[in-house]
Every structure is written in C-alpha cells, then in structure tokens.
Protein chains: 2
Amino acid sequence: MSHPTIFDVARRAGVSKSLVSMVMRGATNVSDERRARVIAAAEELGYRPNAAAQSLVRQKSFVMGVIVSDLHNTFFADVIDGIDNAVRSVGYRALLVSGHLNADRETEALETLLRLRADAVILAGPAVDIDDVVAAAASVPLVVAGAVSSHAAIPSVTTDDLRGAALAVDHLVELGHKKISHIDGGDALSSRLRRQGYEAAMRRHGLEPRVVSGSFTRDGGIHGAQTLLAGDDEPTAIFAANDLAAMGVLSVLHDSGADVPGELSVVGYDNTAVAQSSPIPLTTIDQPRTELGEVAARLALERINDGTDVQSVVLEPTLVIRDTTVTPTHSRQ
Amino acid sequence: MSHPTIFDVARRAGVSKSLVSMVMRGATNVSDERRARVIAAAEELGYRPNAAAQSLVRQKSFVMGVIVSDLHNTFFADVIDGIDNAVRSVGYRALLVSGHLNADRETEALETLLRLRADAVILAGPAVDIDDVVAAAASVPLVVAGAVSSHAAIPSVTTDDLRGAALAVDHLVELGHKKISHIDGGDALSSRLRRQGYEAAMRRHGLEPRVVSGSFTRDGGIHGAQTLLAGDDEPTAIFAANDLAAMGVLSVLHDSGADVPGELSVVGYDNTAVAQSSPIPLTTIDQPRTELGEVAARLALERINDGTDVQSVVLEPTLVIRDTTVTPTHSRQ
DNA sequence: ACTTTCCCCTGGAACGTTCCAGGGGAGATA
DNA sequence: TATCTCCCCTGGAACGTTCCAGGGGAAAGT
C-alpha cells in the first residue's frame with residue numbers, strides 16, 4: 001500500500017540516493033550499466049517520485065491550477081482542452097477544481113490551489129468578485145479566461161461580444177431580413193455587450209432595433225418569443241442572447257405551428273452542443289473556445305517564467321450557419 | 001511573489017515555529033494572547049500553509065483525485081458535484097484531471113495523481129483499459145464511477161441499465177404501445193445492457209422486440225430512425241440508446257413531417273441537458289448522477305480509512321416523463 | 001613517476017511542515 | 001521551604017526529494 005522512496009530504489013540497485021535521483025531526472029552523466037540497474041529497480045518496486053517532495057525542494061510544482069466556474073457548461077470543457085494542450089507541451093499539468101457557480105466555493109478553490117503551490121492559476125469564467133482575488137494575485141500569476149477581468153493587475157482572455165452580435169445581424173440582413181428582434185440575456189456583462197452590438201449593427205444598416213428582455217436560459221427565450229408573437233408587428237428573424245434561449249424560442253414557434261426557418265429565422269449564440277443536436281440545427285455564433293484556453297495558458301506560463309505583466313487578449317467570434325436561417329418569404333417581407 | 005513560511009510568521013509574532021503550527025491547526029492548549037498574535041501575523045503576511053510540506057510529513061494529502069474521462073459530457077458534472085460534496089464534508093479536496101476520452105491521457109492523469117500522492121482516486125467513466133490500472137491500485141484505493149469495473153479488486157458504482165430499459169418499455173406499454181422499436185448504441189457495455197433490458201421487458205409483456213443498430217450519437221439516431229421509417233411496419237414508439245440518439249430521431253421525424261408525440265412516441269436515456277432544452281422536451285431515463293458520485297466518494301473514503309475491501313454498488317434509474325410520449329392514436333395502433 | 005583532467009559517483013544540507021520529548025514557571029499541596 | 005502538577009511553550013528529528021561540493025580512480029599529459 002505504501003509508496004517506495006528513492007532510498008528503497010537505491011538500496012535495491014546498490015547505488016546512492018543521488019544517483020537514483022539523477023537517473024529519474026534523465027541526467028546524461030551516468031554509466032549505462034548503473035542507469036539500467038536503477039531503472040530496473042524502480043520498475044520492480046513501482047517507484048513514483050513524490051511530487052510533494054519535489055515541489056518543496058525545487059520551489060516549483062509544475063502545476064497549472066484551473067478553477068472551473070461551472071462544469072455543467074460545456075463551454076469550459078473546450079477551454080480546458082485548450083489549457084491542457086498548451087500546458088502539457090511544456091511539462092506542466094493542469095489540475096482542475098470545480099467552482100460550482102458559487103463565489104464562496106471559488107474562493108475556496110483558489111485557496112486550495114495556492115496551498116498546493118500551483119505555479120499559476122487560471123480562472124475559467126469566474127463568478128467570484130474579482131476584488132477578492134486580487135490579494136491572491138500578489139503571490140501567484142493569475143489569468144481570467146472567458147470573462148473580462150475588471151482589475152488591471154489581472155489579465156483576461158475573452159471574445160468580442162460586440163462583434164459577435166454584429167456578425168449575427170449582418171448575416172440576417174444579408175439574407176434580406178429587416179425586422180430583426182433581439183431577446184436579450186439580462187444584466188450580465190456579456191449580455192449587455194451582445195445587446196449593444198446588436199443595436200449598433202442594426203443602426204448601421206439603417207434598421208430599427210427592437211429588444212425584448214429575456215435571460216440566458218430556455219425560459220428567457222420562451223418569454224421573449226411569446227412577447228414578440230403577441231405583438232402586432234411580428235419580426236422575420238430573432239437573435240437570441242444564447243443557444244439555450246434560442247431553444248426556448250424554437251419550442252414556442254414549434255407549439256404555435258410556425259415554420260422555422262420558412263416563416264421565422266432564429267440565431268443563437270455560443271455554439272453549444274444543443275445548437276448542433278437540436279432537431280433543427282441552429283445557426284449561431286461560435287467563440288474560439290479551445291484557443292481561449294490556449295491563449296490563457298500561454299499568458300500564465302509567460303508570467304511564471306519572466307514575471308512581466310502581460311496584456312489582456314480579445315479573440316474574434318465567428319458565424320456558424322446551420323438550418324434556422326434563410327431568406328425571408330416574400331409574403332412576410 | 002514568494003510565499004511566507006511558518007518561520008516568517010513565528011518571527012513576526014515573536015514565538016516558535018511549533019507554536020505557529022499549533023495555532024494553524026487549531027490546537028486548544030495555546031494562550032489566547034499568543035494565539036491572537038500568531039493569527040494577526042499570519043494574516044498580515046498572507047501566510048498559507050504549504051500543502052506539499054504538510055503532505056510530506058503527515059503522510060497524507062487529503063486529496064481525492066478524480067479522473068474525468070470526458071468533460072464535454074455533462075453527465076460527469078453531476079457526478080463530480082456528488083464527489084465534491086461527499087469529500088468536502090470530511091476535510092478532503094477533490095482535484096480533477098481531464099482524461100480527454102483517451103486511454104493514454106487517462107493513464108497519464110492517473111500517474112499525475114499518484115505522484116501528487118492523492119489519498120484515493122476515483123475514475124469517472126474511464127475509457128482506459130482497466131487492467132492497466134490494476135497495478136496502480138496496489139498503491140492507492142481506486143473506485144470506478146459510472147462504468148462497470150471488470151476487475152474484482154476495483155469496486156465500481158453504476159446504475160442498472162437493464163432496469164432502466166425496462167422502465168422505458170413499461171412506460172410505453174402502459175400508454176398502450178405495442179410496436180416499440182429500439183435503436184441501440186453499438187458495442188459499448190452499457191449499450192448491450194440497455195438492449196438486453198429492452199428485449200427482456202418486451203418479452204415479459206408478450207411483445208416482439210425489434211432492434212435496429214445505431215450508436216450513442218445524434219447520427220446513430222438519425223440512421224436508426226431512417227431505417228425504421230423505411231420499413232413497411234412502422235412502430236408507434238421508439239426507444240433510443242441515449243438522449244443524443246433520440247435527438248437524431250426527433251430531427252428525422254421533424255423533417256418527414258411526422259407529429260411527435262401524436263404519431264410516434266420517443267424515449268431517450270440519460271436525462272442530459274438536451275433532453276430538457278429540446279423544443280419538445282424528451283421523456284427519458286434518469287440516472288442518479290449526484291448520488292453516483294457521492295457513493296463513489298464514500299467508498300473511496302472508507303477504503304482510505306480502514307483499508308478493507310468494499311463492494312461494488314448498483315443504483316436504480318428512474319423514468320422522467322416529458323412531452324415525447326403519449327397514448328398511441330387509434331388509427332396507428 | 002607525478003600531476004592533471006575527466007568521468008562517474010556520493011554524502012550532506014535544504015525545502016516547510018508535524019509531532020514528540022521535554023523544559024520553565026506558576027500555583028497548589030505538603 | 002520543598003515538591004508536585006499542570007499549562008504553555010520550545011527545539012530537534014523526520015518526511016522524500018534536489019542540488020552542490022567534493023572524492024576516487026582511470027586515462028592522459030609531462
């Protein structure tokens with residue numbers, strides 16, 4: 001049950017602990033014969049270096065701590081893939097702690113990672129008040145991924161929500177739509193940006209924006225769609241705050257017998273799994289999630305290595321055209 | 001940037017390192033005055049105990065390692081919630097490593113956790129060949145969650161797929177369906193069990209089972225549904241291997257203009273987010289995911305504490321009735 | 001034959017904790 | 001006054017590594 005140490009290996013191989021250490025770290029100035037003996041002994045005993053002891057003496061853990069605000073959101077799965085890739089290639093390991101969408105739990109997660117002496121910490125979509133985190137940032141490089149950091153000392157990597165909303169509007173306008181309504185996502189920062197992007201793009205096209213309030217949930221989409229259908233000036237296209245809300249819109253349209261996309265086009269945001277697996281695959285805005293993680297990891301690694309401050313990064317979203325958007329039918333136009 | 005140690009705190013508080021250690025661990029036999037001084041000093045310096053050093057000397061890390069086979073699958077998000085809850089309440093921390101649905105990466109993840117000297121490891125839905133893991137099980141308690149372990153030395157926690165399939169069939173039969181087809185999920189163990197459960201339940205009701213091959217993906221559902229619709233004996237209900245496949249079925253039915261659930265009822269499996277957020281919310285079989293994690297964590301903790309071997313556990317699935325299943329229309333019956 | 005060089009190896013100190021044996025001093029007891 | 005308790009505190013050893021200074025011996029140079 002208990003773990004063999006470097007001494008156990010040394011004894012079995014008939015060499016000193018130092019020689020075992022050298023072999024394990026791949027030093028070159030070791031005779032082939034001794035090296036083979038050490039490797040054999042280590043194998044036989046099932047020896048594994050104790051990372052805690054290594055971390056202590058090396059003053060470095062080669063651990064990239066990652067706090068995942070919400071594991072239920074597959075958005076972060078891709079971000080983590082990106083982090084993991086970037087980090088593995090330079091000999092680091094990504095260790096994840098779940099934040100459970102809860103500020104206290106995130107603070108706790110950060111504490112755990114700091115005690116473990118992670119060399120840097122990436123906050124993936126933090127819900128925690130960033131000010132609580134700033135103090136910690138004094139002892140470890142910190143990077144925020146997928147949310148804007150409100151604090152200058154903490155760099156963040158995000159995508160451009162203003163631009164994403166413009167992409168959606170441009171696409172619909174190009175198809176010939178003029179009456180394009182937006183169901184917004186509430187008070188969250190990214191919701192505000194998407195709304196502003198929508199409004200600006202509409203005006204740029206000489207169209208009148210029309211926003212109804214909603215949320216980042218299926219129900220938000222349902223309410224928004226109901227409001228829009230009840231009005232006397234039905235739109236020909238709806239741009240929802242995210243995919244979940246778009247699914248709500250689709251369900252209202254399905255129940256009311258409206259034909260999608262024949263009568264009404266729908267665009268979501270985020271390109272989540274539901275957008276793909278929906279009965280009618282959803283046109284949506286994609287964020288480069290994996291890249292988001294990769295860039296965040298790179299920033300963090302840079303800060304570990306030279307300690308210099310790094311800039312925040314904003315990445316470009318893209319449009320993914322699927323089956324919920326077409327040219328509006330003439331009768332409705 | 002660098003972290004203060006127990007000595008820094010001791011110097012600032014004017015006491016010995018041992019006293020600081022005692023205060024940090026909440027020992028009672030310390031005078032109030034000294035305790036206050038130590039706490040103040042620790043606070044001022046931003047002192048955080050070094051978990052690596054603690055782990056070394058205590059010969060215990062209070063880390064529960066978790067290998068998550070697939071972060072993109074929200075199934076595991078709930079499992080992890082369960083693990084985290086169970087583990088936190090006894091002073092442990094769950095540290096996650098992503099397996100990226102890849103046997104090599106999982107082996108690597110296990111290696112990482114073993115080097116960190118996690119006190120136990122939970123494999124959540126492992127894709128790795130369990131035999132590769134058995135050797136590791138000699139040095140650390142191991143528990144498999146959400147998949148059946150083929151090895152006696154490694155206990156597992158799963159839900160009863162045979163029973164889940166029976167639940168689906170019973171529900172449809174109760175509604176009056178007789179022609180119930182199953183689109184299976186391929187070769188995976190759980191797919192086989194669901195198919196067997198379906199077949200057994202059908203025979204129990206005196207009905208003839210009809211299985212078409214598919215997979216655990218949207219495409220699998222699409223192909224299966226196309227096969228069924230092309231045949232001359234259309235079913236009145238389809239039981240898909242999982243929710244994703246069911247979404248594929250729904251999309252084929254949507255395209256062909258078939259009314260769901262009026263003409264055809266559909267049942268999925270897993271109760272994933274798509275089941276809820278689908279335009280027509282999906283009737284499906286739910287696995288007690290959180291409980292799965294909790295039980296796995298409890299088994300692991302038991303093995304840490306008394307080292308005795310523990311039994312595998314099988315939990316009960318439940319039926320979640322939503323909008324894709326109704327009594328078949330007379331004309332079709 | 002003596003020194004130098006080089007290769008391969010070794011022991012000791014250090015990393016930041018915990019825990020244990022023991023010590024100083026105040027108050028109680030004789 | 002001398003002894004005993006008890007409370008609070010301290011220093012040292014240990015945990016499993018890495019890294020450094022240095023050592024032994026063979027080969028090479030003088």
Side-chain angles (χ1 to χ4, degrees), chain A residues 1-39 41-42 45-63 91 112 114-119 139-140, chain B residues 1-39 41-42 45-63 91 112 114-119 139-140:
Chain A
M1 206 73 190
S2 188
H3 304 269
T5 74
I6 209 173
F7 284 97
D8 299 321
V9 177
R11 197 173 316 123
R12 175 173 265 255
V15 300
S16 74
K17 68 178 199 330
S18 304
L19 218 231
V20 176
S21 173
M22 299 181 75
V23 172
M24 295 320 284
R25 282 173 296 123
T28 54
N29 55 343
V30 176
S31 68
D32 290 348
E33 189 244 335
R34 301 257 198 158
R35 176 193 309 283
R37 281 228 305 276
V38 168
I39 289 175
L45 293 173
Y47 169 74
R48 270 176 250 267
N50 183 326
Q54 290 181 319
S55 157
L56 244 200
V57 59
R58 296 210 270 209
Q59 297 288 80
K60 211 168 176 194
S61 62
F62 293 95
V63 163
T112 298
L114 291 176
R115 290 180 177 221
L116 277 175
R117 294 298 187 262
D119 291 336
S139 66
V140 112
Chain B
M1 206 74 188
S2 186
H3 304 269
T5 74
I6 209 172
F7 284 97
D8 299 320
V9 177
R11 197 172 318 122
R12 174 173 265 256
V15 300
S16 73
K17 68 178 201 325
S18 304
L19 218 231
V20 176
S21 173
M22 298 181 77
V23 171
M24 296 318 286
R25 283 174 293 123
T28 55
N29 53 342
V30 177
S31 69
D32 290 348
E33 190 243 335
R34 302 256 197 162
R35 176 192 308 280
R37 281 228 305 275
V38 168
I39 290 175
L45 293 173
Y47 169 74
R48 271 177 249 269
N50 182 324
Q54 290 181 319
S55 157
L56 244 200
V57 60
R58 297 210 271 212
Q59 298 287 78
K60 210 168 178 195
S61 62
F62 292 96
V63 163
T112 298
L114 291 176
R115 288 177 178 224
L116 278 174
R117 297 296 188 263
D119 291 338
S139 66
V140 110

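All chains are named by letter (A, B, ...) in the order of the sequence lines, taking the proteins before the strands, and each is independently numbered beginning at 1.
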K.L.:
With sequence neighbours excluded, tell me which residues meet side-chain hydrogen bond (donor to acceptor under 3.5 Å, both in side chains) with A:N50.
P.N.:
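So A:N50 forms no side-chain hydrogen bond (donor to acceptor under 3.5 Å, both in side chains) with any residue.
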K.L.:
Which residues within residues 29-38 of chain A lie with some heavy atom under 4.0 Å of an atom in DNA chain D?
P.N.:
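Residues of residues 29-38 of chain A under 4.0 Å from DNA chain D: none.
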K.L.:
Of all residues at least two apart in sequence or in a different chain, which pass the side chain to side chain contact (heavy atoms under 4.5 Å, CB included) check with B:S16?
P.N.:
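If we apply the side chain to side chain contact (heavy atoms under 4.5 Å, CB included) test to B:S16, skipping adjacent residues, the hits are B:S18, B:L19.
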K.L.:
For A:S21, check side-chain hydrogen bond (donor to acceptor under 3.5 Å, both in side chains) against everything at least two apart and list the hits.
P.N.:
A:R25
K.L.:
Please enumerate all residues that pass salt bridge (charged side-chain N to carboxylate O under 4.0 Å, His left out) together with B:R117, with sequence neighbours excluded.
P.N.:
none
K.L.:
For A:I39, which residues count as a side chain to side chain contact (heavy atoms under 4.5 Å, CB included) partner, sequence neighbours excluded?
P.N.:
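In terms of side chain to side chain contact (heavy atoms under 4.5 Å, CB included), with neighbours along the sequence ignored, A:I39 is linked to A:V23, A:R35.
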K.L.:
List in chain and number order the residues that pass side-chain hydrogen bond (donor to acceptor under 3.5 Å, both in side chains) with A:S55, two or more places apart in sequence or in another chain; answer none if no residue qualifies.
P.N.:
none
K.L.:
Rounding to 10 degrees, work out the angle separating the end axes of the helix from C:dA1-D:dT30 to C:dA30-D:dT1 (five pairs an end).
P.N.:
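Comparing the axis at each end, I get an angle of 60°.
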K.L.:
Quick one: salt bridge (charged side-chain N to carboxylate O under 4.0 Å, His left out) partners of B:R34, sequence neighbours excluded?
P.N.:
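Checked B:R34 against salt bridge (charged side-chain N to carboxylate O under 4.0 Å, His left out); zero matches.
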K.L.:
Give me the atom names and distance for the closest heavy-atom approach of A:K17 to A:A10.
P.N.:
N-CB, 3.8 Å
K.L.:
Only counting residues at least two apart or in another chain, list the ones meeting side chain to side chain contact (heavy atoms under 4.5 Å, CB included) with A:V9.
P.N.:
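By the side chain to side chain contact (heavy atoms under 4.5 Å, CB included) rule, A:V9 matches A:V20, A:V38, A:A41, A:A42, A:L45, A:Y47.
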K.L.:
In the 5'-to-3' direction, what one-character label does each nucleotide of nucleotides 15-27 of chain D receive under the scheme B = base within less than 4.0 Å of a protein heavy atom, S = sugar-phosphate only, - = no such atom?
P.N.:
BBBBB--------
K.L.:
Taking only residues two or more places apart in sequence or in another chain, which ones pass salt bridge (charged side-chain N to carboxylate O under 4.0 Å, His left out) with B:R11?
P.N.:
B:D8
